[in-house]
Amino acid sequence: MASESVPISGSIHLERESGRTWLETLHEWVITVDHKKLGLMYIGLALLFLVIGGIEAMVMRLQLAVPHAQFVSPEVFNRMFTMHGTTMIFFVAMPVMFGFGVYLVPLMIGTRDMAFPRLNAWGFWITAFGGLLLYFSFIGGDGLYGAGGAPDVGWWAYAPLTSPAFSKGHSTDYWTIALLVAGFGSVATAVNLVATVLSMRCPGMTLGKMPLLVWMYLVMGGMVLFTITPLTAAQMMLMVDRYLGGHFFDTQAGGSAVMWMHFFWIFGHPEVYVLIIPTFAFISEIVPVFSRKPIFGYPIMVAATVGIGFVSMSVWAHHMYTVGMASYSNAFFVLTTLSVGIPTGIKIFNWLGTMWGGKIRYSTPMMFAVGFLFQFLIAGLTGIMLGAAPFDWQLGGSYFVVAHFHYVIVGGILFSLFGAFYYWYPKMTGRLLDETLGKWHFWLFLIGFHLTFDFMHIPGLLGMPRRIYTYEPGRGWEVWNLIVSIGAIVQTIGTLCFVFNLIWSYFRGKKAGNDPWDAWTLEWSVASPPPVYNFATLPDVKSRRPLWDIKHPEDPDWKYE
Amino acid sequence: MTTRAGANIRLCRCFILAILGLARASGQTSSPTSIFAPASTPAKSIYGFSLFVLAVTAVIFAVVCGMLIYAAVKFRSRSGEDQKEPLQIYGSDQLELAWTVIPVLIVIVLFMTSARIIHAVQDARMPAGTIEVTVIGHQFWWEYQYPQYGFVTANELHVPVSDPSHPTPTFLRLLSADTDHSFWIPRLAGKTDLIPNHPNNTWIDPHETGTYLGQCAQYCGTQHAKMLLRAVVESRADFDRWVSDQRQKANEAPDAQAEEGRRVFNSTACINCHKVSGSVANGLFGPDLTHLMGRETIGSGAAQNNAANLRAWIQNPAAIKPGVLMPSMKLTDKELDAVTAYMLTLR
Amino acid sequence: MSAMPAALTPEWTLPSRGRIGMYCLIAAEAAIFTIFVVAYLFYIGKSVNGPMPRDVLEVPVFYTVCLLSSSIVIHFAERALERGQLGSFKILWFLTFALGAIFLVGTGFEWRHLIEHGLTISTNLFGTTYYSLVGLHALHVSVGLIGFLIVIAFSLAAKVTEAHSPQISVFALYWHFVDAVWVVVFTVVYIVGLRA
């Protein structure tokens with residue numbers, strides 16, 4: 001480790017400083033505009049909702065473990081799948097990605113904070129408010145008509161199920177307004193990320209020298225501006241229908257239910273790329289460091305990411321292959337959907353190329369990264385299957401799709417996130433997460449994940465549609481559903497290991513120092529946790545790996561890039 | 001430790017291959033709703049196409065997975081090795097080109113085959129002799145209208161078997177009375193949605209007689225899970241007999257109890273929702289009951305169609321299918337027995 | 001190792017974060033408007049009952065001229081501030097505000113006329129899409145007018161100087177966007193929508 005030659009400029013403790021009351025500490029966190037604290041709060045919010053969303057998933061899996069179970073009523077089950085999806089996408093995945101983004105981007109580009117620190121705080125708090133509003137529906141959703149509770153229209157809220165005629169009470173309104181409000185927060189943070197990357201880089205860090213994570217957050221931020229906003233518009237239209245007597249999606253008045261689908265999926269498909277691109281960012285930082293080689297093909301990785309950003313906005317109707325579009329429309333979306341797989345596949349090859357010829361160290365972050373690579377490959381291939389419209393005519397709307405997207409989100413995004421936690425937790429807290437607990441977490445979660453999501457493909461192939469609170473015996477679905485439910489329990493245990501590790505290591509973890517992984521990007525040049533001002537002085541940025549240049553003055557990157 | 005990573009990866013591969021194998025096997029044996037046991041041209045086209053796609057993706061998986069395992073195992077750092085960093089490689093234009101061009105070719109091939117099947121299924125011409133059925137999706141049951149024969153039924157679709165050399169397919173026009181639904185009988189065809197104000201269509205030409213199962217595949221509300229589908233495929237003769245039965249009006253009630261049941265039925269709110277041809281009951285909101293006893297199930301598959309279940313259903317439908325839109329009629333026991341007896345006469 | 005002395009570093013300039021931020025906001029808002037425009041276009045001719053556009057719409061030429069010319073006036077206001085002509089700036093800025101306010105009042109008159117002729121947001125598809133699209137634009141005009149008033153308040157307190165030109169330009173970007181959206185809305189509602 002070459003930490004001796006890198007300046008360490010003071011440190012700040014996250015624990016209570018002597019003489020401060022807990023009220024003062026709470027106040028400091030509530031009014032903060034510091035990107036590091038806000039990043040941690042975003043991540044904390046996401047972890048809270050991850051647990052809640054996980055409980056909702058467990059309720060569903062217990063109900064579906066056997067046919068004709070009576071664990072919960074259909075009304076409760078329908079609320080569970082609606083809330084599980086809505087929570088996981090909007091109050092787990094988006095906040096955690098924004099959290100890592102606002103924490104890491106300023107540190108990686110050598111600046112003091114985000115471009116708009118107060119906007120950063122506003123974005124966080126309005127997202128938190130949206131989450132609170134959504135969950136308030138459990139107690140507040142019983143409108144004047146007694147028909148309510150939490151929303152139960154599915155997380156896509158298809159029209160006309162959401163019209164006042166079919167969705168009485170206020171449950172749908174909680175869905176609409178909570179997400180509308182959280183959406184404003186997302187757009188605000190996206191504006192902040194783009195402005196930070198374009199306007200706040202330290203001297204010497206041209207766009208071509210930024211870490212890949214920063215590039216990917218630039219693309220993600222740009223995408224959010226065009227991705228969340230169609231949903232915002234559609235939700236405004238839904239509110240006009242529900243409260244002002246409008247007819248945007250009122251099929252009785254000539255309105256179009258399919259138009260809601262178009263607007264929703266114009267949001268919904270790019271949204272999953274908004275979530276996966278930061279995932280790629282984490283992998284692109286972790287795999288090189290633990291393979292001890294630079295990322296293979298940096299320019300192509302940038303081009304592929306930008307390409308994915310654009311092409312992903314043209315694929316949305318592959319969620320609508322069964323709604324009766326003309327054959328040439330279906331064919332067009334097959335072409336665009338398969339095409340977006342090309343830059344995605346290229347990235348897998350580049351990560352493979354990074355590992356090739358390296359000296360791979362299998363600490364916990366790298367184990368999760370390798371798990372990601374295999375699982376993301378499989379998820380991408382089932383995505384290709386679903387992208388081919390005729391196959392989707394059978395598999396769409398079935399448990400095959402549920403298995404596919406959980407493979408991406410859990411097997412891909414969550415695995416990469418776990419890796420990111422193990423990798424950057426030392427920077428954020430000053431202590432390493434325990435490696436033994438980390439390995440228990442990894443193996444338990446891996447086994448649970450595969451039990452659940454590998455076998456979940458089978459009921460789909462055997463005709464089981466999604467969003468059903470129970471199913472008929474005799475269709476060959478029973479044993480697979482039971483295995484899927486058991487896997488969920490194993491995943492829960494693995495996650496509990498993780499949560500325990502987070503808490504235990506905060507107090508008892510090994511001290512990390514500023515650069516425990518012998519890494520190369522600027523965040524590793526400051527203390528762990530970083531001082532509030534981040535950098536007292538900046539290292540010379542002449543290449544993509546400024547710390548490599550410092551540690552290897554005889555063989556610096558800028559000679560080869 | 002990393003050999004465990006490799007072993008774990010090999011385990012994954014075995015899972016996937018096992019899944020495919022099991023799926024193939026189960027398709028041929030026990031599941032009545034497997035997509036791998038097609039019995040009609042659209043399903044068969046999709047099946048053949050799906051094997052091709054599975055083969056392509058399996059090859060991609062084997063190649064890339066193999067390389068990943070190799071890299072993960074071969075290039076791990078070994079203890080005792082020197083701490084020098086490995087050769088720092090930044091990229092390779094030739095490799096980038098190769099692993100861009102090959103995926104582009106794969107995409108082109110998959111797109112062309114997809115387009116061919118899409119066109120074949122969606123744009124197929126229906127020959128003379130096609131049976132036409134209008135399917136109307138309701139929360140949470142299926143209405144079937146046979147405009148060529150002039151009758152309406154519910155929840156069980158009857159179609160004639162189709163001889164591949166002289167096809168007599170059934171063309172289904174798909175409409176909805178309320179929210180979105182989706183018609184999915186896996187062994188007969190891919191699914192197509194029923195969307196209000198957006199007519200769709202699909203077609204089937206089953207090659208073997210039998211009863212084919214499916215269910216609604218687009219979340220439509222509380223009882224989406226029990227909006228089951230039954231398609232009875234029968235010989236031409238049997239189908240024609242069924243059609244002529246369906247066109248008959250309801251028979252006269254044979255005994256006093258059934259007559260009493262008919263009186264109760266016709267004088268309460270039942271007739272607001274249900275139709276029985278040849279009687280005053282003319283409601284269109286609920287299923288047509290004229291030939292109720294010809295169906296194997298009630299509640300669109302929620303329960304077997306027998307006297308006990310009928311009585312329980314009429315007494316309180318929500319006990320069998322909670323969230324169903326038919327309210328409990330709050331009849332007395334005597335009225336329940338009478339109405340059930342009347343229902344039993346509706347053959 | 002410390003940062004290189006300023007005399008030896010080549011100049012390192014990056015785009016202003018305010019401008020980038022405003023461009024991003026404009027992009028996001030443009031996406032929202034696009035969805036409303038798409039809905040408007042899709043539903044042309046599909047209302048199942050009247051009144052239809054031809055029955056009730058009157059083309060608001062005067063108010064459009066007011067709004068679009070305010071883009072020219074604000075441009076001159078920006079130039080005035082850059083040159084330190086604070087008096088001209090105040091007048092031109094207020095004139096821009098006034099033109100925008102006239103437009104908003106005009107929209108109000110138009111809506112009163114339409115309601116009197118039986119068109120509300122719940123009447124038919126035309127009513128729903130019309131009031132939503134024009135209303136969303138009017139909302140953005142209103143937000144802009146509030147911004148104008150804030151700047152007017154500050155300038156009356158003699159707090160606005162030529163050093164604030166960059167911020168004023170960034171705000172002007174928003175106003176130009178609002179005007180550009182009106183060009184699109186006008187075309188869609190009063191030209192395309194009336195032809196069909």
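Note on naming: letters A, B, ... go to the chains in the order of the sequence lines (proteins, then strands), and numbering restarts at 1 for each one.
Considering only heavy atoms from C-beta on, A/F391 stays 4.5 Å or farther from B/I117 through its side chain. Between A/Y469 and B/T222 the shortest side-chain heavy-atom distance does not fall below 4.5 Å. Side-chain contact between A/M464 and B/T33: absent, with no pair of heavy atoms (C-beta onward) separated by less than 4.5 Å.
Contact annotation for B/Y219: both backbone and side-chain heavy atoms come within less than 4.5 Å of a heavy atom of chain A. Proximity to chain B involves both the backbone and the side chain of A/D557, based on heavy atoms less than 4.5 angstrom apart. Heavy-atom distances place the side chain of A/L377, and not its backbone, under 4.5 Å from chain B. At a 4.5 Å heavy-atom cutoff, B/T113 makes no contact with chain A through either its backbone or its side chain. If you measure heavy-atom distances from B/D180 to chain A, the contacts under 4.5 Å come from both the backbone and the side chain. Heavy atoms closer than 4.5 Å to chain A are found in both the backbone and the side chain of B/D178. For a residue to count as touching a neighbouring chain, one of its non-hydrogen atoms must lie under 4.5 Å from one of that chain's; by this rule A/A165 does not touch chain B. Residue contact with chain B, scored on non-hydrogen atoms closer than 4.5 Å, is absent for A/A304. Contact of B/E96 with chain A is made through the side chain alone, with heavy-atom distances under 4.5 Å. Residue A/Y321 does not touch chain B at all, counting heavy-atom pairs closer than 4.5 Å. The part of A/I295 that comes within reach of chain B is its backbone (N, CA, C, O), which places non-hydrogen atoms under 4.5 angstrom from that chain. Interface residue B/L95: only side-chain heavy atoms are found under 4.5 Å from chain A. Heavy atoms of B/L68 lying under 4.5 Å from chain A belong to its backbone as well as its side chain. If you measure heavy-atom distances from B/V104 to chain A, the contacts under 4.5 Å come from both the backbone and the side chain. In this structure, no portion of A/R544 lies under 4.5 Å from any heavy atom of chain B. For A/L381, the parts lying near chain B are the backbone and the side chain together; criterion is any non-hydrogen pair under 4.5 Å. At a 4.5 Å heavy-atom cutoff, B/L174 makes no contact with chain A through either its backbone or its side chain. Residue B/K74 does not touch chain A at all, counting heavy-atom pairs closer than 4.5 Å. With a 4.5 angstrom heavy-atom cutoff, B/W99 touches chain A via backbone and side-chain atoms both. Proximity to chain B (any heavy atom under 4.5 Å) is shown, for A/W351, by neither the backbone nor the side chain. For a residue to count as touching a neighbouring chain, one of its non-hydrogen atoms must lie under 4.5 Å from one of that chain's; by this rule A/T382 does not touch chain B.
With chain B as partner, the option from A/F81, A/F77, A/W156 having the largest number of non-hydrogen pairs under 4.5 angstrom is A/F81. Of the listed residues (B/N200, B/L213, B/I118, B/V107), the greatest number of heavy-atom pairs within a distance under 4.5 Å of chain A belongs to B/I118. Heavy-atom pairs under 4.5 Å with chain A were tallied for B/N201, B/D93, B/V121; the largest tally goes to B/V121. Ranked by heavy-atom pairs under 4.5 Å with chain B, the first of A/I348, A/V334, A/I300, A/L395 is A/I300. Note on B/I60, B/L87, B/V64, B/V56: by heavy-atom pairs under 4.5 Å with chain A, the leading option is B/V64. Comparing B/P186, B/P199, B/S45 by heavy-atom pairs within less than 4.5 Å of chain A, the highest count is held by B/P186. Across B/H119, B/Q223, B/M227, B/R78, the residue that shares the most heavy-atom pairs under 4.5 angstrom with chain A is B/Q223. Between chain B and the options A/M355, A/R292, A/M366, the largest number of non-hydrogen pairs under 4.5 Å is found for A/R292. With respect to chain A, the highest number of heavy-atom pairs below 4.5 Å among B/S182, B/G323, B/P322 belongs to B/P322. Residue with the most contacts toward chain B among A/G397, A/S339, A/G396, A/A389: A/G396 (heavy-atom pairs, distance under 4.5 Å). Interface summary for chain B: among A/S256, A/G358, A/G380, the most heavy-atom pairs under 4.5 angstrom belong to A/G358. Among A/Y328, A/Y560, A/F290, the residue making the largest number of heavy-atom pairs under 4.5 Å with chain B is A/Y560.
Scanning both residues, B/D123 and A/S327, for their nearest heavy atoms gives OD2-OG, 2.8 Å. For the pair B/F61 and A/I378, the tightest heavy-atom approach, listed with the atom from each and the gap, is CE1-CG1, 3.4 Å. Closest approach of B/I46 and A/P390 over heavy atoms only: CG2-O, 3.4 Å. Minimum heavy-atom separation, B/W184 to A/S398: CH2-CB, 3.7 Å. Between B/P196 and A/P160 the shortest heavy-atom distance is CG-CG, 3.7 Å. The minimum heavy-atom distance linking B/P32 with A/G474 is given by the pair CD-O, 3.3 Å.
Counting heavy-atom neighbours within 6.0 Å of A/Q252 CD, excluding the residue itself, gives a total of 12 or less.
Using bins of under 30°, 30° to 60° and over 60° for the plane-to-plane angle, the ring pair B/Y70/A/W356 lands in the tilted bin.
B/T192 places no side-chain N or O within donor-acceptor distance of the main-chain N or O of A/T322, the cut-off being under 3.5 Å. Judged by distance alone, with hydrogens and angles left aside, the side-chain atoms of B/N197 form no donor-acceptor pair with the main-chain N or O of A/A257 at under 3.5 Å. B/Q122 contributes a side-chain N or O that, together with a main-chain N or O of A/M325, makes up a donor-acceptor pair within less than 3.5 Å. A donor-acceptor contact shorter than 3.5 Å is absent between the side chain of B/D193 and the backbone of A/G324. Between the side chain of A/K293 and the main chain of B/Q88, no donor-acceptor pair closer than 3.5 Å is present.
Rounding to the nearest 0.5 Å gives a distance of 4.0 Å between CD1 of B/I195 and CE of A/M261. Here the OG-CG distance, from B/S114 to A/L335, works out to 9.5 Å after rounding to the nearest 0.5 Å. Annotation: the span from B/M67 atom CE to A/F349 atom CZ amounts to 6.0 Å, rounded to 0.5 Å. Summarising the geometry, atom CD1 belonging to A/I458 is positioned 11.0 Å from atom OG belonging to B/S34; distances are rounded to the nearest 0.5 Å. In this structure, the separation between CD on B/Q139 and CZ on A/F166 is 5.5 Å, given to the nearest 0.5 Å. Note that the CE atom of A/M385 and the CG atom of B/L54 stand 5.0 Å from one another [nearest 0.5 Å].
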Could you go step by step and tell me if A/I468 and B/Q215 meet the side chain to side chain contact (heavy atoms under 4.5 Å, CB included) rule?
CA-CA 10 Å; A/I468 52 175; B/Q215 60 188 96; 3.8 Å; yes
